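Let me begin by presenting the structure, written as structure tokens, before commenting on it.
Just so it is clear, the structure is predicted and the values come from calculations on it, not from any experiment.
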Amino acid sequence: MNTMCECELADAAATERAGAALSVWMQRGSGGLIYLCGDLGAGKTTLARGLLRALGVSGPIRSPSYTLIEPYTVGGRTVLHLDLYRLRDADEIEGLGLRDYPLTQCWWLVEWPEHGDGYLPPADLRITLQAEGAGRILRAQGRAGADLSSLRAEMGAAVRIASK
């Protein structure tokens with residue numbers, strides 16, 4: 001079973017295409033949790049923007065850095081984009097109202113998930129973005145038993161898959 005996927009992203013446009021590829025993979029399920037990891041400026045919000053555009057969000061897509069959470073409803077499905085960078089304490093997650101958005105029916109995209117350690121459930125997919133030269137490397141890891149073959153195929157069609 002293929003639980004890993006890695007690809008090279010040359011620029012912001014490639015990062016948005018990777019987000020669009022991720023949206024195709026997401027449509028196989030009714031909900032779940034995706035961690036978006038990486039340093040400041042790594043492209044987490046750009047990836048989320050590409051994903052949300054591909055799902056059909058037509059209005060502004062803002063980074064939830066100040067609001068902490070931005071909900072989107074597209075095609076009868078709810079996607080929450082969370083940015084936990086500004087949390088001072090993981091206890092603050094309780095105040096976000098996430099219980100109103102069960103993972104069986106909604107998708108959560110969580111930037112800076114380490115700020116929610118102990119409160120967030122385990123991710124279905126963990127995506128790490130890392131600067132490499134002028135571009136980025138995207139690494140996706142599914143939880144144990146997850147098969148990322150379809151995600152790898154979608155990513156391969158959208159961006160260059162790293163040969164490893």
Check your understanding: Partners of Leu68 by side chain to side chain contact (heavy atoms under 4.5 Å, CB included), sequence neighbours excluded?
Key -> Arg86, Leu87, Leu96
**Study point:** Nearest atoms (heavy-atom pairs only) where Thr15 meets Leu9
**Key:** OG1-CD1, 3.7 Å
**Study point:** Non-hydrogen atoms of Leu103 and Pro121 that approach each other most closely
**Key:** CD1-CG, 3.6 Å
Practice item. Count the heavy atoms of every other residue, nucleotide or ligand shown that sit under 6.0 Å from OH of Tyr85, and state whether that count exceeds 12. Key: no
Point to revise | Minimal non-hydrogen separation, Ser63 against Asp83, with atom names | key: OG-OD2, 3.8 Å
Practice item. Find the distance between CD1 (Ile69) and CH2 (Trp108) and round it off to the nearest 0.5 Å. Key: 8.0 Å
**Study point:** Ion pair Arg136/Glu8, N-O distance below 4.0 Å
**Key:** no
Exercise for review: Please step through side chain to side chain contact (heavy atoms under 4.5 Å, CB included) for the pair Leu129 and Leu36, ending with a clear verdict.
Suggested key: CA-CA 8 Å; Leu129 293 158; Leu36 302 176; over 6 Å; no
Point to revise | Pairs satisfying side chain to side chain donor-acceptor pair (under 3.5 Å), at least one member in residues 36-62, at least two apart | key: Thr45-Glu111
Study note, to complete from the structure: Taken to the nearest 0.5 Å, the spacing of Gln27 CD from Leu22 CG works out to 10.5 Å
Practice item. Quick one: list whatever passes side-chain hydrogen bond (donor to acceptor under 3.5 Å, both in side chains) with Ser30, sequence neighbours left out. Key: none
Point to revise | salt bridge (Lys or Arg N to Asp or Glu O under 4.0 Å) involving Arg17 - partner list, sequence neighbours excluded | key: none
Revision key, fill the gap. side-chain hydrogen bond (donor to acceptor under 3.5 Å, both in side chains) filter on Glu92, not counting sequence neighbours, yields none
Practice item. Tell me, please, which residues at least two apart from Thr73 pass side chain to side chain contact (heavy atoms under 4.5 Å, CB included). Key: Thr78
Check your understanding: Going through the distances and angles, do Leu51 and Trp107 end up as a side chain to side chain contact (heavy atoms under 4.5 Å, CB included)?
Key -> CA-CA 12 Å; Leu51 183 154; Trp107 283 97; over 6 Å; no
Practice item. For Arg139 and Gln130, run side chain to side chain donor-acceptor pair (under 3.5 Å): C-alpha distance rounded to whole Å, both residues' side-chain angles, the deciding distance at 0.1 Å, then the answer. Key: CA-CA 8 Å; Arg139 291 181 183 88; Gln130 180 181 352; 2.9 Å; yes
**Study point:** Residue pair Leu120, Leu84: steps toward the side chain to side chain contact (heavy atoms under 4.5 Å, CB included) verdict
**Key:** CA-CA 11 Å; Leu120 292 175; Leu84 305 182; 3.8 Å; yes
Check your understanding: In terms of hydrophobic clustering (I, L, V, M, F, W, Y; side-chain heavy atoms under 4.5 Å; direct or indirect links), are Tyr119 and Tyr101 co-clustered?
Key -> yes
